[in-house]
Amino acid sequence: MPAINNIIAIGKVVPADGWIKISSPINGIIDELLVKEGDEVKNGQVLFRLKENTAGIDVSQAQAQLENLQASRQANQKELEKEEILLAELKSKYETSQKLFDRNAETKETVETDLSNYKQQIQKIASLRDQLKANRLSEKEQSLLVEKSKKELNDYTVIAPENGIITDLNVEVGQFVNGTDDLGNMIDNTKSVVDAEVDELFADSVRIGQLVEITSVGKTNIIGKGKIIYVSPTLVNKSILFESANEAEDRRVRRIKIEPDSSTNLLINSKVECRILIN
């Protein structure tokens with residue numbers, strides 16, 4: 001019996017990372033569609049927008065309040081800097097008066113007045129510092145509120161979870177959707193594998209790492225090359241890859257995965273023949 005130098009496996013080209021589901025983060029009504037089937041999109045790109053209700057207004061109001069708090073804090077900071085300069089002057093004036101009083105060159109009333117003014121200024125600065133501390137706390141709380149409002153607004157957009165191509169969409173403007181709805185699918189078309197099946201007669205002959213030549217079904221010209229990256233440990237019934245009556249006869253297969261090389265560009269969902277090189 002002549003040695004077998006290749007085995008033919010029937011396969012289907014599928015995305016290496018599977019089909020990527022598109023879904024909405026919240027319940028809502030589709031207000032705008034920004035993509036169509038076949039469009040190439042980037043991770044984070046907006047695909048649809050939902051009706052926002054008051055979310056946009058909430059962000060604007062929260063941002064305006066934050067800006068007011070920031071302006072108030074900046075004004076108080078400038079006031080504190082000015083009052084600290086005055087404090088230094090009043091301290092110097094009091095110390096000078098005290099020295100002159102010690103040499104009997106200044107009255108006690110002047111010293112007491114200068115000391116009173118100095119102490120009042122210390123209290124004023126302490127109050128301003130407390131106010132600044134409260135300003136910073138309010139500003140921090142408002143910043144968190146702004147971020148929360150922006151996140152809620154972002155929830156009204158449906159974005160691409162990965163880079164890839166939109167393969168199908170199940171939405172239209174005016175449609176109500178929720179977070180469990182399948183709004184469509186996309187794929188990373190830069191990475192594909194071939195899910196293939198080897199007849200049980202040749203199941204023991206396939207190994208990880210074997211080279212494979214890929215052709216369109218019923219044709220001889222090679223459209224790509226690759227290698228086996230996975231071999232199932234068990235036999236299973238033939239799948240829908242075998243569509244004709246003869247193909248669907250009661251025989252089992254061993255499933256394998258083939259990784260096309262970098263120069264191979266295969267059409268997702270296409271059915272192919274894979275010639276596994278044994279020797």
Side-chain angles (χ1 to χ4, degrees), residues 1-22 35-43 160-170 182-279:
M1 184 176 181
I4 298 174
N5 56 21
N6 65 76
I7 298 170
I8 300 297
I10 302 298
K12 183 178 182 180
V13 184
V14 298
D17 297 327
W19 301 89
I20 304 168
K21 180 181 176 181
I22 301 171
V35 294
K36 61 184 183 300
E37 292 180 2
D39 283 354
E40 186 170 349
V41 297
K42 300 294 185 182
N43 185 11
E162 302 285 348
N163 295 338
I165 290 181
I166 305 293
T167 57
D168 59 282
L169 294 175
N170 307 318
D182 183 358
L183 307 184
N185 292 285
M186 54 183 290
I187 58 169
D188 180 355
N189 64 315
T190 63
K191 296 183 292 183
S192 63
V193 295
V194 179
D195 283 342
E197 298 178 351
V198 177
D199 189 280
E200 64 180 321
L201 290 176
F202 309 105
D204 289 337
S205 299
V206 292
R207 303 283 187 275
I208 291 176
Q210 287 174 328
L211 299 181
V212 181
E213 295 175 345
I214 303 169
T215 65
S216 298
V217 174
K219 298 183 180 180
T220 57
N221 58 305
I222 297 172
I223 60 174
K225 295 182 179 182
K227 64 180 179 180
I228 296 176
I229 59 172
Y230 168 78
V231 176
S232 172
T234 61
L235 294 175
V236 296
N237 293 329
K238 289 184 178 181
S239 74
I240 58 172
L241 289 174
F242 299 87
E243 296 165 346
S244 70
N246 291 333
E247 287 179 309
E249 62 186 358
D250 187 19
R251 296 188 49 168
R252 294 178 299 171
V253 294
R254 192 173 192 181
R255 290 179 179 166
I256 63 174
K257 288 185 183 292
I258 299 165
E259 180 182 57
D261 60 29
S262 58
S263 63
T264 297
N265 186 17
L266 301 174
L267 182 63
I268 298 295
N269 267 347
S270 60
K271 187 176 177 181
V272 293
E273 287 185 358
C274 307
R275 183 178 297 110
I276 303 167
L277 306 181
I278 302 302
N279 299 322

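In this text, all values refer to a predicted model and were calculated from it rather than measured experimentally.
- Nearest heavy-atom pair, Val272 versus Val194, reported as atom, atom and distance to 0.1 Å: CG2-CG1, 3.8 Å.
- Between Ile256 and Glu197 there is no side-chain heavy-atom pair separated by less than 4.5 Å.
- In this view, Asn269 satisfies the side chain to side chain donor-acceptor pair (under 3.5 Å) rule with no residue, not counting sequence neighbours.
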Quiz item: Between Val193 and Ile258, is a side-chain contact (heavy atoms from CB on, under 4.5 Å) present by the stated rule, with each step listed?
Solution: CA-CA 6 Å; Val193 295; Ile258 299 165; over 6 Å; no
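- Rounded to the nearest 0.5 angstrom, Tyr230 OH and Arg255 CZ are separated by 9.0 Å.
- For the atom pair Ile278 CD1 and Ile7 CD1, the distance stands at 3.5 Å (nearest 0.5 Å).
- Counting only distance, with no hydrogens or angles, the side chain of Asn43 and the backbone of Asn163 share no donor-acceptor pair below 3.5 Å.
- Contacts of Lys219 classified as side chain to side chain donor-acceptor pair (under 3.5 Å), with partners at least two apart in sequence or in another chain: none.
- Asn170 places a side-chain N or O within donor-acceptor distance of the main-chain N or O of Asp182, the cut-off being under 3.5 Å.
- Put simply, the side chain of Ile10 does not reach to within 4.5 Å of the side chain of Val253, judged on heavy atoms.
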Show me, pair by pair, the donor-acceptor contacts under 3.5 angstrom made by side chains of residues 205-214, not counting sequence neighbours?
residue	atom	partner	partner atom	Å
Arg207	NH1	Asp204	O	2.5
Arg207	NH2	Asp204	O	3.2
Gln210	OE1	Arg207	N	2.8
Gln210	NE2	Ser205	O	2.9
Glu213	OE1	Arg275	NH1	3.3

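- To the nearest 0.5 Å, atoms OG1 (Thr215) and CD1 (Ile8) are separated by 6.5 Å.
- In this structure, Leu169 and Glu37 approach most closely via the heavy-atom pair N-OE2, 3.0 Å.
- A distance of 12.0 Å separates CG in Asn6 from SG in Cys274, rounded to the nearest 0.5 Å.
- Contact record, Ile187 with Gly18: CG2-O, 4.3 Å, taken as the closest heavy-atom pair.
- What you find for Met186 and Ala160 is that their closest heavy atoms are SD-CB, 4.2 Å.
- Side-chain atoms of Ser270 do not come within 3.5 Å of backbone N or O of Val13 as any donor-acceptor pair.
- The local environment of CG in Asp168 is crowded, with over 12 non-hydrogen atoms from other residues, nucleotides or ligands closer than 6.0 Å.
- Pairing each heavy atom of Ala9 with each of Ala196, the nearest pair is CB-CB, 4.1 Å.
- Proximity of a side-chain donor or acceptor of Thr264 to a complementary backbone N or O of Lys225 within less than 3.5 Å is detected.
- Separation of atoms OG1 (Thr190) and CG (Asn265) is listed at 10.5 Å; rounding is to 0.5 Å.
- Note: Ile229 CD1 to Glu259 CD = 5.0 Å, rounded to the nearest 0.5 Å.
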Quiz item: When you look at Ile22 and Ile166, which way does the side-chain contact (heavy atoms from CB on, under 4.5 Å) test go after all the steps?
Solution: CA-CA 9 Å; Ile22 301 171; Ile166 305 293; 3.8 Å; yes
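- Residues Pro15 and Asp188 are not in side-chain contact: their nearest non-hydrogen atoms beyond the backbone lie 4.5 Å or more apart.
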